[in-house]
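Below is the structure I would like to discuss, written out as structure tokens.
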Amino acid sequence: MNLKEYLRKSDMVYQTTIDPKGPGVVRIHLVPPHKIKDGIPWIVVINGFRILPILTTYAVLLKEFILTYNEYNYNYYEEEQLDEILDVIVKNVKALYRDAKESDILEDLKEMLTTLIEVGTKPNVEFEHVGNFSLSEYYKHMHAPLRMDLMISTMEKDGVYNCNQKCVHCYAFNEKLSNEEELDTDSWLKIIDKLKEERVPQITFTGGEPTLRSDLVELIDHSKWFITRLNTNGILLTKELCHSLYNAELDNVQITFYSSDMEIHNKLVGENHYLETLGGIKNAISEKLDVSINTPLCSLNKNYKETIEFLSKLGVKYFTCSGLIPTGNTNSDESKELVIDKEELLKSLDEALAYARENELDIQFTSPGILDEKDLAERGLIIPSCGAGVSNMAILPNGVVIPCQSWLKGNELGNILEVKWDNIWNSKECKSIRKAANAKSNNCLLRGGYYEENNL
């Protein structure tokens, strides 16, 4: 087989998991562009959050590593197995690049693997084989988003309120999640299989509250090929459930926790569930799940540092915080009255960041358009961007695809069980949203006037 034919047949995502000697697991998904051509990079997704472009030559190297490594039954990255694996890979690549020296192929392969493992275990490491890269420029070469959020649980079920909290700032408190039937297990399994076929490397199980579904572990267990994440309020995270999620190879559980102050947390979730959520966090940690905590910030819980300090002593190392997305319950008067102004938000962030850096914790701010790019850059924070219809999309409980999980009015793009993916991804509406997200990448389209501009 010549190189041209080899590339023509490389129209799928290639996945493997490396367990290096150092700490951490490295999950790799190699995603080809929609049309493979010289000069169009592939994408390497590492642990679901580092996105790196890779030139075709290195993509061939990595593809061959993944295929060969997987044939060896995922043997861990040990020296005695590595030499045998690398020898097979070098011979395969040499057959495609006949003028290349085997010694050069081996050197490039080892260098690339070392770097990928470092990127997976040390997030600040840079990859020297790539230059500046942005999905807002690359999206024209994509076949699907890099993440799909599966909203498997409705806010109402059989006419009864279904979620076990009534959060003041709930983005999902919307008729789209209230008046729809939940798909059954078999339907979600079909969707998960279809997402793999359509080259989506990461899925997040969310809702509503996804732990209310009795088939959650089954769905996650079926999704081992993907990077899998679970977004939950933590109330139902018993030790038994956490143990099952660990065995199902869940990659990360993100738990929403508003404040270390019980009164503030309970007021913002609308129920007295502070102790249950705290217990869920402790159970997830004790069962060795990878845990991150998300905190939507408002005027009530602006003493964010205290919450970070409290949780870090329990063993939490990863935190995200956000402003309020203008959808669902955040449009209510109660929520609007609690919006924190930019000056207070920056003060809250600065206090938390100072503590985090002293204690080797990671904090990221995830809401595009609320804080100035300059303010974020000065604090060493990643500048969040709108990923609607580009890096992420969502599927409602009834199977309908929407631009993102917060996009709960207008713009239903088709039921994934009934409509061909190409007709969803390349629909006029989806293309328009991608274009708008690209033009306003530093702002959330829900906040940035897209609805008004398009008479929605």
Side-chain angles (χ1 to χ4, degrees), residues 4-15 29-45 48 51 53-54 56 59 63 134-152 176 180 183 186-204 222-223 225-227 386-408 410-439 441 445 450 454 456:
K4 185 176 181 180
E5 185 179 0
Y6 176 90
L7 293 175
R8 183 174 58 82
K9 293 183 177 181
S10 301
D11 59 347
M12 60 180 288
V13 174
Y14 301 89
Q15 180 273 338
H29 288 80
L30 176 63
V31 186
H34 182 57
K35 294 182 179 180
I36 301 173
K37 294 181 180 180
D38 286 339
I40 300 177
W42 299 40
I43 289 177
V44 183
V45 183
I51 302 171
I54 187 171
T56 302
K63 174 187 170 183
S134 170
L135 280 182
S136 64
E137 299 172 358
Y138 184 81
Y139 72 90
K140 294 178 182 178
H141 304 300
M142 294 169 64
H143 178 78
L146 298 180
R147 188 189 87 222
M148 188 69 80
D149 298 330
L150 307 186
M151 307 175 77
I152 60 175
K176 281 185 183 293
E180 302 291 352
L183 294 175
D186 287 343
S187 296
W188 280 116
L189 293 177
K190 289 177 183 177
I191 288 174
I192 291 166
D193 289 341
K194 185 172 181 61
L195 293 176
K196 179 181 177 180
E197 179 184 330
E198 299 298 347
R199 311 182 200 174
V200 178
Q202 178 177 330
I203 54 179
T204 298
H222 188 76
S223 307
W225 179 88
F226 301 84
I227 292 288
C386 179
V390 182
S391 63
N392 57 277
M393 297 176 74
I395 300 177
L396 293 170
N398 63 352
V400 170
V401 180
I402 56 176
C404 79
Q405 65 172 324
S406 301
W407 203 297
L408 294 171
N411 300 110
E412 293 189 357
L413 302 173
N415 193 304
I416 194 167
L417 292 172
E418 302 169 0
V419 180
K420 289 183 178 180
W421 174 251
D422 187 64
N423 292 339
I424 293 175
W425 179 253
N426 288 314
S427 66
K428 181 179 179 181
E429 199 162 16
C430 197
K431 284 183 175 180
S432 174
I433 292 166
R434 275 200 293 277
K435 184 177 179 181
N438 179 35
S441 62
L445 290 185
Y450 183 85
N454 291 273
L456 296 176

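Computed from a predicted structure; not experimentally measured.
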I'd like to check the salt bridge (Lys or Arg N to Asp or Glu O under 4.0 Å) partners of E418; sequence neighbours left out, ordered by chain and number.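 Partners of E418 by the salt bridge (Lys or Arg N to Asp or Glu O under 4.0 Å) criterion come out as none, since no residue qualifies.
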Could you list the residues that satisfy ring-ring contact (aromatic ring centres under 6.0 Å, His included) with H141, not counting sequence neighbours? Y138
Any chance you could measure L396, atom CG, to L183, atom CG, to the nearest 0.5 Å? 9.5 Å
For P145 versus M142, what's the shortest heavy-atom pair and its separation?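 Between these two residues, the closest heavy atoms are CA-CE, 4.1 Å.
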K63 side chain near P32 side chain, heavy-atom distance below 4.5 Å: no
Atom pair OG/NZ of S223 and K196 - distance to nearest 0.5 Å: 10.5 Å
Test V401 against M393 for side chain to side chain contact (heavy atoms under 4.5 Å, CB included), laying out the working first. CA-CA 7 Å; V401 180; M393 297 176 74; 3.6 Å; yes
For the residue pair G48 and V45, what are the closest heavy atoms and their distance?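 So the two residues come closest at CA-CG1, 3.7 Å.
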With sequence neighbours left out, the residues meeting side-chain hydrogen bond (donor to acceptor under 3.5 Å, both in side chains) with D11 are none
Any side-chain heavy-atom pair from E429 and L413 closer than 4.5 angstrom? yes
From CD1 (I191) to CD1 (I395), nearest 0.5 Å: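 The distance works out to 5.0 Å.
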Can you name the residues that form a side chain to side chain contact (heavy atoms under 4.5 Å, CB included) with K190, not counting sequence neighbours?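 If we apply the side chain to side chain contact (heavy atoms under 4.5 Å, CB included) test to K190, skipping adjacent residues, the hits are L417.
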Mutual orientation of the aromatic rings belonging to H34 and H143 [parallel < 30°, tilted 30-60°, perpendicular > 60°]: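 Parallel: the ring planes of H34 and H143 meet at under 30°.
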Side chain of R434, backbone of K140: donor and acceptor closer than 3.5 Å?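 Such a contact is absent between R434 side chain and K140 backbone.
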Looking at every heavy atom in both W42 and T56, which two are closest together, and how far apart are they? NE1-OG1, 4.2 Å
Rounded to the nearest 0.5 Å, what's the gap from CD1 on I402 to SG on C430? Could you check?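 Going from the CD1 atom of I402 to the SG atom of C430 covers 11.5 Å.
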What one should report as the nearest heavy-atom pair of I433 and P403 is CD1-CG, 3.4 Å
Can you sort out the partners of K37 under salt bridge (Lys or Arg N to Asp or Glu O under 4.0 Å), two or more places apart, ordered by chain and number?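 For K37 there are no salt bridge (Lys or Arg N to Asp or Glu O under 4.0 Å) partners, ignoring immediate neighbours.
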Working to the nearest 0.5 angstrom, can you tell me the gap between W421 CH2 and L195 CG?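 CG of L195 is found 7.5 Å from CH2 of W421.
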Would a distance-only check, ignoring hydrogens and angles, find a side-chain to backbone donor-acceptor pair under 3.5 Å from N415 to N398? yes
Give, for atom CZ of F226 and atom CE of M148, the distance between the pair rounded to the nearest 0.5 Å.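 Output value for this atom pair is 10.0 Å.
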How close do P33 and I40 get, counting heavy atoms only, and between which atoms? CB-CG2, 3.6 Å
Those residues at least two apart in sequence (or on a different chain) that pass salt bridge (Lys or Arg N to Asp or Glu O under 4.0 Å) with K194 are E198
Beyond-backbone contact of W188 with H222, side-chain heavy atoms, under 4.5 angstrom: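 Of all side-chain heavy-atom pairs linking H222 with W188, none is under 4.5 Å.
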Are the side chains of I192 and W225 in contact, using a 4.5 Å heavy-atom criterion?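 Answer no - side chains too far apart.
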Closest heavy-atom pair and its distance - A437, A388: CB-O, 3.7 Å
For N426 and K431, what are the C-alpha separation, side-chain angles and deciding distance, and is it a side chain to side chain contact (heavy atoms under 4.5 Å, CB included)? CA-CA 6 Å; N426 288 314; K431 284 183 175 180; 3.8 Å; yes
